[in-house]
Asker: 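The structure under discussion is supplied below as structure tokens; questions concerning it will follow.
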Amino acid sequence: MLQSSADNVPRSLKPEERLCPLWKLIGLGVSVLVVLWMLYTNQKIMQQVAAVENPDDISMFFLNNIHEKHPADESWRLLLAQHQVKVGALTDAQETIGPLFTMRDPMVQKTAGLLDLQILEMQIVAGTHNEQGRRGLQSAITKRIRDLLDHSTTPEDLASLAASALLAKDWQLATQVYRQLAQFDTNNQAEWFRKGAKLALVQRSYIQASDLFFLARTNSQSLEENRKDYVSGLKALIAGDHFNSAIVQAEKYLGNLERDEATLKFLVKLGRIAGSGDFTQKYVDKLLRVSHVRSRNMHVTFKHVNPIFSENISYRHQRLHAELGTTEEHLKWNQLWLQTTFENNLAKGLDLPQSLPPYDPEVYEMAYTVYAENGHVEQAYDVARAASEAMPEHLEWRTRRAQGAEWTGRPAEALVQWHV
């Protein structure tokens, strides 16, 4: 009689003897469920405890008991230290987090370091230490910041460390952090460079401050910000008596501000303070030209210039109209061509006729002073003459015109002006 295939299987390989008994499987499942429940419950309890803003004695008793039973659990240790900080037990908190600095996990070290930094800041703000103790706290804060810099890779972390360095009055470290911040937070680079520059000024590091202001200037968006950062960088050098450097940096970083009247006025003042006649002359000439283009109207001209610009525009138009019989429309196009040519030449940096713009008290005052100081008496006389014609009741300009007439060999005109 044939036996079934099951009977041919060796007894040692029969399925019912290779599987665990049912009661063992049930026990294993229950054990897994218990472990998962305990983990979930533990996490939930930890979250609930962490959310407590004002821990009471019961909460602290519970945390201390958990910590005593699980001293190697860094999560409970950190939570206990955070609650100790909340209740003002700062020394106990520092002792609690001490072992965490030996952990291999960099995130644990970072979290412990930030908490320690918070504790040190609270201690220094409390003001309960004498001068020596306060200096010790400042040094401890500086050391902790330097340790944390290796683990801080977000703008938020670095901004917090910069604020801590300010609290410790370590201006150099704060400036370093702001530099690092500018590299991370590219959307706000200019602002971080400005903050670093202002801190450098506090510590009288004028060259470093100017460098940071110029870095901010290269990352600024608006013309106003460009001008502010540029001027601040030059002022930092002036504050440190670095006048020669200021002249060099002014040329280097001028850029798109070369047609900005406010900037050119500042450069004229800088040149006078630095005692650089050539620099001052260069930028007062630029100021007059830019002011002239802005005004779009050339009324008064210097002597000995290109004949095409040597006469008043309105008179030139009348002459063209008489000689060529041109219409008013042609004259209008001619005036537009002259103005466009002037602006194009300015944009190309070509030599331009030394024309004076319409009277502007500040611009004329600067021009006259610079020309007179640099010994350019013809140009000083022309400025005074143009100003006195624009402001005939202004006694100071008539006096200057009389002096200029004497300097340039015009005695008859000088006599007239002295007796007006």
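All of these numbers come straight from a predicted model, not from anything done at the bench. In this chain, residues are counted from 1 in sequence order.
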Asker: Holding to ring pair (Phe, Tyr, Trp, His ring centres under 6.0 Å), I want the full list of residues that pass it with Phe214, two or more places apart in sequence or in another chain.
Answerer: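 Residues passing ring pair (Phe, Tyr, Trp, His ring centres under 6.0 Å) with Phe214: Tyr253.
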Asker: Testing the basics here: between Arg400 and Ala384, what is the closest heavy-atom pair and its distance to 0.1 Å?
Answerer: C-CB, 3.8 Å
Asker: Find out whether Leu267 and Thr280 are in side-chain contact, i.e. whether some heavy atom of one side chain is under 4.5 Å from a heavy atom of the other.
Answerer: no
Asker: Does a sphere of radius 6.0 Å around NZ in Lys110 hold more than 12 heavy atoms from other residues, nucleotides or ligands, not counting ones at 6.0 Å or beyond?
Answerer: yes
Asker: Are side-chain heavy atoms of Gln123 and Leu90 found at a separation under 4.5 Å?
Answerer: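 Answer yes - side chains close enough.
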Asker: Starting at CG of Leu181, measure out to CG of Leu158 and round the result to the nearest 0.5 Å.
Answerer: 4.5 Å
Asker: So, does Asp360 use its side chain to make a donor-acceptor pair with the main chain of Val363 at under 3.5 Å?
Answerer: yes
Asker: Evaluate side chain to side chain donor-acceptor pair (under 3.5 Å) for Tyr381 paired with Glu406, printing each intermediate quantity in order.
Answerer: CA-CA 9 Å; Tyr381 162 75; Glu406 289 181 354; over 6 Å; no
Asker: Within a radius of less than 6.0 Å around CG of Asn130, do more than 12 heavy atoms belonging to other residues, nucleotides or ligands occur?
Answerer: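 Yes - once you tally the heavy atoms of other residues, nucleotides and ligands closer than 6.0 Å, there are more than 12.
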Asker: Side-chain contact, heavy-atom cut-off 4.5 Å: Leu79 with His83?
Answerer: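 When only atoms from C-beta onward are counted, His83 and Leu79 do touch, with a gap below 4.5 Å.
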Asker: To check you understand the geometry: which heavy-atom pair defines the closest contact between Leu149 and Leu173, and what is its length?
Answerer: CD1-CD1, 4.3 Å
Asker: Can you confirm whether Leu215 sits close enough to Leu212 that some side-chain heavy atom of one is under 4.5 Å from a side-chain heavy atom of the other?
Answerer: yes
Asker: Would you say the side-chain atoms of Gln118 pair up with the backbone N or O of Leu114, donor to acceptor, closer than 3.5 Å?
Answerer: no
Asker: Check whether the ring centres of Tyr359 and Tyr364 lie less than 6.0 Å apart, and answer yes or no.
Answerer: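 Here the rings of Tyr364 and Tyr359 have centres that are less than 6.0 Å from each other.
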Asker: Would you say CD of Gln172 has more than 12 non-hydrogen atoms from neighbouring residues, nucleotides or ligands within 6.0 angstrom?
Answerer: no
Asker: Rounded to the nearest 0.5 Å, how far apart are CG of Leu137 and CD of Gln132?
Answerer: 11.0 Å
Asker: Given Gln249 and Asp211, is the side chain to side chain contact (heavy atoms under 4.5 Å, CB included) satisfied, shown in steps?
Answerer: CA-CA 10 Å; Gln249 300 294 63; Asp211 288 343; 4.2 Å; yes
Asker: Would you say Asn374's side chain and Gly277's backbone share a donor-acceptor pair under 3.5 angstrom?
Answerer: yes
Asker: Is the shortest distance from a Lys or Arg side-chain nitrogen in Arg194 or Glu191 to a carboxylate oxygen in the other one below 4.0 Å?
Answerer: yes
Asker: Any carboxylate oxygen within less than 4.0 angstrom of a Lys/Arg side-chain nitrogen, looking at Arg401 and Glu413?
Answerer: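 Yes, charged N to carboxylate O under 4.0 Å.
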Asker: Going by an N to O cut-off under 4.0 Å, is there a salt bridge joining Lys143 and Asp147?
Answerer: yes
Asker: Let me see the working for Asp157 and Thr154 under side chain to side chain donor-acceptor pair (under 3.5 Å), right down to the final yes or no.
Answerer: CA-CA 5 Å; Asp157 286 345; Thr154 66; 3.1 Å; yes
Asker: Only pairs under 3.5 Å count here: list side-chain donor-acceptor contacts from residues 230-240, not counting sequence neighbours, and write none if there are none.
Answerer:
from   : atom 1 : to     : atom 2 : distance (Å)
Tyr230 : OH     : Ala250 : O      : 2.6
Ser232 : OG     : Lys228 : O      : 2.7

Asker: What distance separates Asp185 CG from Gln180 CD, expressed to the nearest 0.5 Å?
Answerer: 12.5 Å
Asker: Please determine if Glu121 and Arg144 form a salt bridge, counting it only when a charged side-chain N lies under 4.0 Å from a carboxylate O.
Answerer: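 No.
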Asker: Can you check whether Ala372's main-chain N or O pairs, donor with acceptor, with His376's side chain at less than 3.5 Å?
Answerer: no
Asker: So, do Asn226 and Thr218 sit near enough that their side-chain heavy atoms are less than 4.5 Å apart?
Answerer: no
Asker: Where do Ala402 and Trp418 come nearest, in terms of heavy atoms and distance?
Answerer: CB-CE2, 3.4 Å
Asker: Just do the side chain to side chain contact (heavy atoms under 4.5 Å, CB included) check on Lys169 and Arg135 with the steps written out, would you?
Answerer: CA-CA 10 Å; Lys169 296 183 178 181; Arg135 289 179 182 175; over 6 Å; no
Asker: Within a strict 4.5 Å, meaning less than it, do heavy atoms of the Leu270 and Tyr283 side chains meet?
Answerer: no
Asker: Is a donor on one side and an acceptor on the other found under 3.5 Å between the side chain of Arg272 and the backbone of Val370?
Answerer: no
Asker: With side chains defined as the heavy atoms from C-beta onward, is the minimum distance between Pro99 and Arg77 less than 4.5 Å?
Answerer: yes
Asker: Quick check against the 3.5 Å criterion: does Gln94 have a side-chain atom that pairs as donor or acceptor with the backbone of Asp116?
Answerer: no
Asker: What's the spacing between Ser220 OG and Gln189 CD if we round to 0.5 Å?
Answerer: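 The OG atom of Ser220 sits 10.5 Å away from the CD atom of Gln189.
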Asker: Between Leu166 and Ala174, which heavy-atom pair has the shortest distance, and what is it?
Answerer: CD2-CB, 4.0 Å
Asker: I'd like to know whether CD of Glu224 has more than 12 heavy-atom contacts from other residues, nucleotides or ligands below 6.0 angstrom.
Answerer: no
Asker: Any side-chain to backbone donor/acceptor pair from Arg217 onto Leu254? Under 3.5 Å, distance only.
Answerer: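 Flag set: sc Arg217 to bb Leu254 pair under 3.5 Å.
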Asker: To the nearest 0.5 Å, what is the distance between OG1 (Thr175) and CG (Leu199)?
Answerer: 4.5 Å
Asker: Do the side chain of Gln208 and the main chain of Ala200 share a donor and acceptor less than 3.5 angstrom apart?
Answerer: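 Absent.
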Asker: Considering residues, nucleotides and ligands other than Asn256, do more than 12 of their heavy atoms fall under 6.0 Å from its CG?
Answerer: yes
Asker: Kindly indicate, with the supporting measurements, whether the criterion side chain to side chain contact (heavy atoms under 4.5 Å, CB included) is fulfilled by Gln82 and Val85.
Answerer: CA-CA 5 Å; Gln82 289 167 352; Val85 170; 5.7 Å; no
Asker: So, taking the atom named OG in Ser276 and the one named CG in Asp278, what distance separates them when rounded to the nearest 0.5 Å?
Answerer: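 So the OG of Ser276 and the CG of Asp278 are separated by 6.0 Å.
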Asker: Please evaluate residues Thr96 and Gln84 with respect to the criterion side chain to side chain donor-acceptor pair (under 3.5 Å), reporting the C-alpha separation (whole Å), side-chain torsions for both, the decisive distance (0.1 Å), and the verdict.
Answerer: CA-CA 9 Å; Thr96 301; Gln84 288 171 331; 2.8 Å; yes
Asker: Under 3.5 Å, is there a donor-acceptor pair between the side chain of Ser210 and the main chain of Ile207?
Answerer: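 Yes; at least one donor-acceptor contact below 3.5 Å.
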Asker: Would you sort out whether Asp170 and Thr142 count as a side chain to side chain donor-acceptor pair (under 3.5 Å), showing the intermediate values?
Answerer: CA-CA 7 Å; Asp170 192 331; Thr142 296; 3.2 Å; yes
Asker: Test Asp260 against every option in Lys265, Lys286, Arg227 by the salt bridge (Lys or Arg N to Asp or Glu O under 4.0 Å) rule and name the one that passes.
Answerer: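 When salt bridge (Lys or Arg N to Asp or Glu O under 4.0 Å) is applied between Asp260 and each of Lys265, Lys286, Arg227, only Arg227 qualifies.
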Asker: Just wondering, do Leu161 and Arg146 contact through their side chains at under 4.5 Å, heavy atoms?
Answerer: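 The answer is no; the side chains never approach within 4.5 Å.
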Asker: What residues form a ring pair (Phe, Tyr, Trp, His ring centres under 6.0 Å) with Tyr368, not counting sequence neighbours?
Answerer: Trp397
Asker: For Ile145 versus Ala165, what's the shortest heavy-atom pair and its separation?
Answerer: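 So the minimum-distance heavy-atom pair works out to CD1-N, 3.4 Å.
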Asker: Would a distance-only check, ignoring hydrogens and angles, find a side-chain to backbone donor-acceptor pair under 3.5 Å from Ser291 to Leu287?
Answerer: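 Absent.
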Asker: For the residue pair Ala367 and Val383, what are the closest heavy atoms and their distance?
Answerer: CB-CG2, 4.2 Å
